There are 2 protein chains.
Amino acid sequence: MSPDNENKTTRDRLLKVAETLFAQRGYHAVSVREITTAANCNLAAVNYHFGNKKNLYLDVFRLRWMVRARRVHDSFTQHLAKHDGASPTEIIQALAEAFIKGPLADDERFYHAQLMMREMAKPTEAFEMVADEILRPFFRNLAKLLQPYLPEEIDEQRVNLNMLSIISMVIYFNFARVPVSLFTGCTYDEAFKERLIQHIVNFALTGLNVREKEKSL
Amino acid sequence: MSPDNENKTTRDRLLKVAETLFAQRGYHAVSVREITTAANCNLAAVNYHFGNKKNLYLDVFRLRWMVRARRVHDSFTQHLAKHDGASPTEIIQALAEAFIKGPLADDERFYHAQLMMREMAKPTEAFEMVADEILRPFFRNLAKLLQPYLPEEIDEQRVNLNMLSIISMVIYFNFARVPVSLFTGCTYDEAFKERLIQHIVNFALTGLNVREKEKSL
DNA sequence: GTCTATAGCAGGATAGAC
DNA sequence: GTCTATCCTGCTATAGAC
């Protein structure tokens, strides 16, 4: 159990602060000095606890990002477990909810997405680690869940692209808050997030539904 | 006018090299020394031509990113001009092609997307500039094009979310090449890009089309 | 317009007292 | 486990010769 208590060990405070700062501004834009100041401890603490800056970064992924990703994934599967043999709607809704609302605090989720986007843009060791432990298993699981509902003659490649399209929306609406708010004029409050989830479910299931009867909002 | 000639002015070489490096690794991860070395000129050249590092970054957006974005947008509209009163399929196909294939060289397009993603994550002055000059007009144009084909009772908010979903796919498949390649096993060759475009068109128009007759590939 | 040289500073890391 | 003090590297930016 390690929630947001303010007086954990120096080590935990460092991990937490480092994650936030790395997510907001990236590895190089953040100095060890800034991290230790924000964590209210001494400059030397990073080297004492993590050896060096780079290893602190990797531990942020190991000890925070991956733990959180598992929480999200668990929330997703538990939500599905209730509806045995879940429908595509339920699957996608569970997915969108796990990511857009899910078990994470609001800022937490944003930082989480930011860190991943940075790794997607310029992968480091952290990406390989996360890909092996989290991304690949999650992706396969999702594909397996949805496959039965897809047209029979669909090939594996198209299943993959469909998965990625859903994921692209989920990630984009989490990550690209600035342009999303810019174009919609909405801030990320609960009502808007609910709306996003419904939109993703609707869009993923029926697309733009051009010229045809519209699915319920 | 200004293609990839190798012996342009120092100023142009600096802009070009800076764009590539900033895109790949971000503002802080790249030093002026590295830029000037790669541009085969002297360390002091950046300060002479651009005043300082930050202004070089802004000029990369002003003089390269925005120019290129206009080329992409022109390619999109010209493609549509051929089919007067273009159908939704043609609109989305033109959009996906402009971004995934379009008038840009392969690496160029990737850097272009990377730079934008970095600004989305942590906007600087460059984002405001680009949002005013490019993003907003483009977005409005796209919405106006598709609006006639959407269900009549649809509200503006939903139109916006639909736009953003299409854009999210286009951006994601351009930007997140690492995870996309990881999950599909495909590299970004011409065949795969063609496939991506078809997929985006198909998905955007019909969604997953669950349990219904599948649209042609 | 391009160069060398260097000022001036911030960064990561370590040694050693407590 | 935490602190202070310090080393040294690498950065941006500028001055001034050419």
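The figures that follow rest on heavy atoms only: side chains count, while hydrogens, waters and symmetry mates do not. Keep in mind the model is a prediction, meaning the values are calculated, not measured. In what follows, chains carry the letters A, B, and so on, assigned in the order in which the sequence lines appear, proteins first and then strands, with residues in each chain numbered from 1.
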Using atom types as modelled, flag every donor-acceptor pair under 3.5 Å from a side chain in residues 34-47 of chain A to any protein atom, sequence neighbours excluded.
residue: A/Glu34; atom: OE1; partner: A/Arg25; partner atom: NH2; Å: 2.7
residue: A/Glu34; atom: OE2; partner: A/Arg25; partner atom: NH1; Å: 3.4
residue: A/Glu34; atom: OE2; partner: A/Arg25; partner atom: NH2; Å: 2.7
residue: A/Thr36; atom: OG1; partner: A/Val32; partner atom: O; Å: 3.0
residue: A/Thr36; atom: OG1; partner: A/Arg33; partner atom: O; Å: 3.0
residue: A/Thr37; atom: OG1; partner: A/Arg33; partner atom: O; Å: 2.7
residue: A/Asn42; atom: OD1; partner: A/Ala44; partner atom: N; Å: 2.9
residue: A/Asn47; atom: ND2; partner: A/Gly51; partner atom: O; Å: 3.4

- prompt: D/dT14 P sits how many Å from B/Asn55 CG, rounded?
  reply: 12 Å
field: Nucleotide D/dG1, atom P - distance to CG of A/Asn40 in whole Å
entry: 18 Å
query: In B/S/- notation, 5' to 3', how is nucleotides 4-18 of chain C contacted by protein heavy atoms closer than 4.0 Å?
result: B------BBBB----
task: Between C/dC3, C/dT2, D/dT2, spot the one nearest the side chain of A/His49, thanks.
output: D/dT2
Pair A/Tyr172 + B/Tyr172: ring centers closer than 6.0 Å: no
task: For C/dG1, take OP1 and OP2 only and decide whether either is under 4.0 Å from a side-chain N or O of B/Thr9.
output: no
field: For A/Lys193, all residues meeting salt bridge (charged side-chain N to carboxylate O under 4.0 Å, His left out), sequence neighbours excluded
entry: A/Asp106, A/Glu190
query: Is any side-chain N of the basic residue among A/Arg177 and A/Asp189 closer than 4.0 Å to the acidic one's carboxylate O?
result: no
message: Is there a side-chain contact between A/Leu146 and A/Asn162 in this structure, where contact means two heavy atoms from C-beta onward sitting under 4.5 Å apart?
response: no
- prompt: For atom CZ of A/Arg140, is the number of surrounding heavy atoms from other residues, nucleotides or ligands below 6.0 Å larger than 12?
  reply: no
